[in-house]
Participant: 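Dropping a structure here in structure tokens format, bear with me for questions.
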There are 2 protein chains.
Amino acid sequence: MFSRARRTIAFTGEASDSVIMICEGWAISFIQLPDGRRQILSVLLPGDLVSVASLFDRRQQTAVQTLTDVSYCLYHRLDVLQKLMAEPPVMDALGAITIAEKQEADALLMDLGRRTAEERIALLILRLLDRLGRRNLARGDVVNFPLRQQHIADITGLTPVHVNRTLGNFRRDGILEISDCVLKILDMHALRRLGETRCP
Amino acid sequence: MFSRARRTIAFTGEASDSVIMICEGWAISFIQLPDGRRQILSVLLPGDLVSVASLFDRRQQTAVQTLTDVSYCLYHRLDVLQKLMAEPPVMDALGAITIAEKQEADALLMDLGRRTAEERIALLILRLLDRLGRRNLARGDVVNFPLRQQHIADITGLTPVHVNRTLGNFRRDGILEISDCVLKILDMHALRRLGETRCP
DNA sequence: CGCGCCGTTGAGGCTCCTCAACCCGGGTGG
DNA sequence: CCACCCGGGTTGAGGAGCCTCAACGGCGCG
């Protein structure tokens, strides 16, 4: 399947026996309140399942929106579950995905609950770089980066205005630059330092 | 197995082939930064697995601490996985747990990212009441409630001081009272209203 | 040309944090 | 038996971080 950028390819509350896996491009899964407040739960990169839970649930708990043009696969829930029961390697793969998903979610919870704006944004970028690196999708210090400031805000629980100021500081301090969907890391050490916790 | 209140029964980074399931009492799973900041990821009630991910991971990603005296079971990871492959009903149960866990985590992310202190605390209590109700552990408007204000702060990403003031307001407004590990709901409708999103 | 999206910047204000002090009850040890 | 400490709750004062509102510029697109 294929979708243009900025399309919603799964809606909250919708029933569906399909499980989405991203093959190419970036997407997000998120939930939204009636008053418009939105929280992005995860950024989906090539190879990602929307969530392991979607394997077991007919009802979509989250919406999925593409950031770039995206190609993705739709598997039938029950087919996957059957394979799971029959083939141990598939189960192992599911285990690995489960662990990765949980780690990302836990890290984000810690960010939102206990970290400053600077730390949240620095760590968001570091984790994305790490995930891209593992998939050989990032070579060097210049990376394709389709997240808008509004997206960064909806991931980190900040406002777009404050994201803008913080990114402005990063640029001013020669740490990184984002422009035209391109992220340039200028000082990886400084970026790491921002993400690390300074013990008092 | 049995543990007294306020004991740590699993440590971050520790390797172990056991999976913990709470049988009686309350516990929390959390992560902590070197500088002391702590984020509680979930409150564990009777019947809860620490996390589905712990089934697949030898390494504990989170710490687990008891709030009350707790009795719990230790299963061997591989035994459970084997049962999972062999017995479809076990797989179904795992599916249900996976879904519930994801919903709780998503709700908490939304809280931390996008809700006010009042909403976070109100929703924390509402979700706990709901979970207790499903297990027939809550009868009526008076519930055993072993969370200290410090715990509420570490779940909601607030400071204990601010939790105190917010709970003080709830009490002043006749919404709820917490004292001596007992939660009294005085006005459930008002509490629900606090948790709901007012559309603008 | 006009419009909408996105990034940027300024001014002002609210939520929530920090620091600090105090109270209370329970445990502990001299 | 009492002094002491410690964990937990409560309250006040002041301040920081982040938000809100608002305006503007650049760019792509109909």
Side-chain angles (χ1 to χ4, degrees), chain A residues 4-7 28 33 35-39 65-69 111-122 124 145-173 176-184 194 198 200, chain B residues 4-8 28 33 35-39 65-68 111-122 124 145-173 176-184 194 198 200:
Chain A
R4 302 293 306 277
R6 274 141 215 290
R7 300 280 196 280
I28 52 175
L33 299 179
D35 66 1
R37 286 179 286 181
R38 182 172 79 155
Q39 179 65 45
Q65 210 167 76
T66 59
L67 295 177
T68 62
D69 291 351
D111 286 359
L112 296 183
R114 291 304 184 198
R115 289 200 226 256
T116 65
E118 271 195 352
E119 292 172 316
R120 295 184 204 186
I121 295 179
L124 167 64
F145 195 82
L147 291 178
R148 313 262 113 204
Q149 294 186 354
Q150 175 71 61
H151 296 123
I152 298 180
D154 286 338
I155 299 171
T156 54
L158 303 166
T159 55
V161 174
H162 199 247
V163 169
N164 182 290
R165 289 189 224 276
T166 307
L167 287 177
N169 293 343
F170 286 178
R171 164 171 298 162
R172 172 173 52 74
D173 297 341
L176 58 80
E177 277 180 10
I178 301 178
S179 68
D180 294 324
C181 290
V182 170
L183 163 67
K184 284 186 197 152
L194 282 179
R198 49 226 167 278
Chain B
R4 302 293 305 277
R6 276 142 213 289
R7 300 281 196 279
T8 304
I28 51 174
L33 299 179
D35 65 1
R37 285 180 288 181
R38 182 172 80 156
Q39 178 64 46
Q65 209 165 75
T66 60
L67 296 177
T68 63
D111 287 358
L112 297 183
R114 292 304 184 197
R115 290 200 228 256
T116 65
E118 271 196 353
E119 293 173 316
R120 295 183 204 186
I121 295 178
L124 166 65
F145 194 82
L147 292 178
R148 313 261 113 206
Q149 295 184 355
Q150 176 71 62
H151 296 123
I152 299 181
D154 286 338
I155 299 171
T156 54
L158 302 166
T159 55
V161 174
H162 199 246
V163 168
N164 182 290
R165 288 190 224 276
T166 307
L167 287 177
N169 293 343
F170 286 177
R171 164 172 298 161
R172 171 173 51 75
D173 298 342
L176 58 80
E177 276 180 10
I178 301 177
S179 68
D180 293 324
C181 291
V182 170
L183 163 68
K184 284 186 197 151
L194 282 178
R198 50 221 169 281

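Proteins get letters first, then strands, A, B, ... in listed order; numbering begins at 1 in each.
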Participant: If we ignore hydrogens and angles and just use 3.5 Å, is the side chain of A/R114 paired with the main-chain N or O of B/R38 as donor and acceptor?
Facilitator: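 Answer holds: yes.
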
Participant: In whole angstrom, what separates B/D154's CG from D/dG8's C1'?
Facilitator: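 Those two atoms, CG and C1', are 14 Å apart.
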
Participant: Supply the atom-to-atom distance B/I178 CD1 to B/R171 CZ, rounded to the nearest 0.5 angstrom.
Facilitator: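 Between B/I178 CD1 and B/R171 CZ, I get 8.0 Å after rounding to 0.5 Å.
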
Participant: In whole Å, what is the span from the NE2 atom of A/H162 to the P atom of C/dG13?
Facilitator: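 My rounded result for the distance is 18 Å.
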
Participant: Within this structure, what is the CZ-to-P distance between A/R114 and D/dG17, rounded to whole angstrom?
Facilitator: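 Taking CZ of A/R114 and P of D/dG17, I get 17 Å after rounding.
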
Participant: Please determine which of B/R120, B/Q149, B/H151 meets the side-chain contact (heavy atoms from CB on, under 4.5 Å) test together with B/V163.
Facilitator: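 Between B/V163 and the candidates, side-chain contact (heavy atoms from CB on, under 4.5 Å) is satisfied uniquely by B/Q149.
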
Participant: For a quick check, with a 4.0 angstrom heavy-atom cut-off, what is the B/S/- contact string for nucleotides 5-11 of chain C, read 5' to 3'?
Facilitator: -SSBBBB

Participant: Rounding to an integer number of Å, can you tell me how far A/R37 CZ sits from D/dC19 C1'?
Facilitator: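 Between C1' of D/dC19 and CZ of A/R37: 13 Å.
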
Participant: Measuring from atom OG1 of B/T159 to atom CG of B/N164, what distance do you get when rounded to the nearest 0.5 angstrom?
Facilitator: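 The OG1 atom of B/T159 sits 9.5 Å away from the CG atom of B/N164.
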
Participant: Check whether any side-chain N or O of B/R7 sits under 3.5 Å from a backbone N or O of B/T66 as a donor-acceptor pair, and report yes or no.
Facilitator: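 Judged by distance alone, no pair lies under 3.5 Å.
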
Participant: Within this structure, what is the CG-to-P distance between A/L158 and D/dA16, rounded to whole angstrom?
Facilitator: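 Taking CG of A/L158 and P of D/dA16, I get 19 Å after rounding.
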
Participant: For the residue pair B/L112 and B/G157, what are the closest heavy atoms and their distance?
Facilitator: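 Between these two residues, the closest heavy atoms are CD2-N, 3.9 Å.
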
Participant: Please say which of B/I152, B/D111, B/L194, B/N169 ends up in a side-chain contact (heavy atoms from CB on, under 4.5 Å) with B/I121.
Facilitator: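 Of the listed residues B/I152, B/D111, B/L194, B/N169, the side-chain contact (heavy atoms from CB on, under 4.5 Å) partner of B/I121 is B/I152.
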
Participant: So does A/I155 get a backbone contact from the side chain of A/Q39, meaning a donor-acceptor N/O pair under 3.5 Å?
Facilitator: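 Side chain of A/Q39 to backbone of A/I155, a donor-acceptor pair under 3.5 Å: yes, one is there.
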
Participant: I need the NE2-C1' distance between B/H151 and D/dG9, as an integer number of Å.
Facilitator: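 Taking NE2 of B/H151 and C1' of D/dG9, I get 14 Å after rounding.
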
Participant: Considering the terminal five base pairs at each end of the helix from C/dC1-D/dG30 to C/dG30-D/dC1, what angle separates the two local helix axes, rounded to 10°?
Facilitator: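 Here the local axes at opposite ends form an angle of 30°.
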
Participant: Could you tell me how far apart B/I152 (CD1) and D/dT10 (C1') are, to the nearest whole angstrom?
Facilitator: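 Computing the B/I152:CD1 to D/dT10:C1' distance gives 15 Å.
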
Participant: Quick check: closest heavy atoms across B/R148 and B/C181, and the distance to 0.1 Å?
Facilitator: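 The pair with the smallest heavy-atom distance is NH2-SG, 2.9 Å.
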
Participant: Starting at CZ of B/R120 and ending at P of C/dT15, how long is that distance when rounded to a whole Å?
Facilitator: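 Distance, rounded to whole Å: 13 Å.
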
